[in-house]
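Protein chains get the first letters and strands the later ones, always in sequence-line order, with residue 1 at the start of each.
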Amino acid sequence: SQQGEEDPQALSIQEGENATMNCSYKTSINNLQWYRQNSGRGLVHLILIRSNEREKHSGRLRVTLDTSKKSSSLLITASRAADTASYFCATDQGSSYKLIFGSGTRLLVRP
Amino acid sequence: EAQVTQNPRYLITVTGKKLTVTCSQNMNHEYMSWYRQDPGLGLRQIYYSMNVEVTDKGDVPEGYKVSRKEKRNFPLILESPSPNQTSLYFCASSLRGANYGYTFGSGTRLTVV
């Protein structure tokens, strides 16, 4: 079952620009996580934000969470070609037992 | 280095021939899980384990088996593979379930002909 849905499905930007990806979900959550996947490889955990947090930063990443709108956004500032990847949000649906992943946003950063 | 190790990376097999994909983690994580990733369907959970000898079904468990006899290992068994199990498989672990970040393996690309 799909919990998170990312928007847009694909995004193409120039190196140095900021990239914003959005995630919407349907049920209440304890936390929301963002992951990056380079083509065909394993997912890499980027950041976890808990339901009582509104914003979190990690290096060039900024994540916001609006539980009233059931949505989150991931901002990558000053993008680099190496940021080219698919980005997934994942939520726990209030359960400790599994993460449900969204369909992902494919980001292309042009040099 | 903290990691989840899956083997093999690539596997081509024939319908009905039993196979096992191994997964091992060196982080003393309690929680482990298997996902499959298919174009257009995203990542779907197959099975998970909260601790040794504790396993449960995910969203797409049919045709798969797992076991958790030791904390570090969580093999995925396909007793009689079929072509619809052709997919990219990922093993993941976390300290204690979905309230913590997952560490993923590099993936196993399985083709069943």
**Leading residue by heavy atom contact count with chain A [cutoff under 4.5 Å; candidates B:Gly97, B:Gly107, B:Ser106]** = B:Ser106
**Item:** Pair A:Ser71, A:Asp66: side-chain N/O donor-acceptor within cut-off below 3.5 Å
**Value:** no
**Message:** What part of B:Gln6 gets within 4.5 angstrom of chain A, counting heavy atoms only: side chain, backbone, both, or neither?
**Reply:** neither
**Message:** For a quick check under 3.5 Å, do B:Gln25 and B:Thr103 share a side-chain donor-acceptor pair by atom type?
**Reply:** no
**Item:** Residue pair B:Tyr31 / B:Tyr102, side-chain donor-acceptor N/O under 3.5 Å
**Value:** yes
**Request:** Against chain A, label B:Tyr48 side chain, backbone, both or neither, depending on which of its atoms sit under 4.5 Å from a heavy atom there.
**Result:** side chain
**Message:** Between B:Tyr47 and B:Gln45, is there a side-chain donor-acceptor contact under 3.5 Å, judged purely by atom types and distance?
**Reply:** no
**Request:** Is it possible for you to say whether B:Val60 and B:Phe74 belong to one hydrophobic cluster, with membership spreading through side-chain heavy-atom contacts below 4.5 Å?
**Result:** yes
**Greatest number of heavy atom pairs closer than 4.5 Å to chain B - which of A:Asn31, A:Leu48, A:Leu43, A:Val44** = A:Leu43
**Message:** Need one label for A:Leu99: side chain, backbone, both or neither, based on atoms under 4.5 Å from any heavy atom in chain B.
**Reply:** both
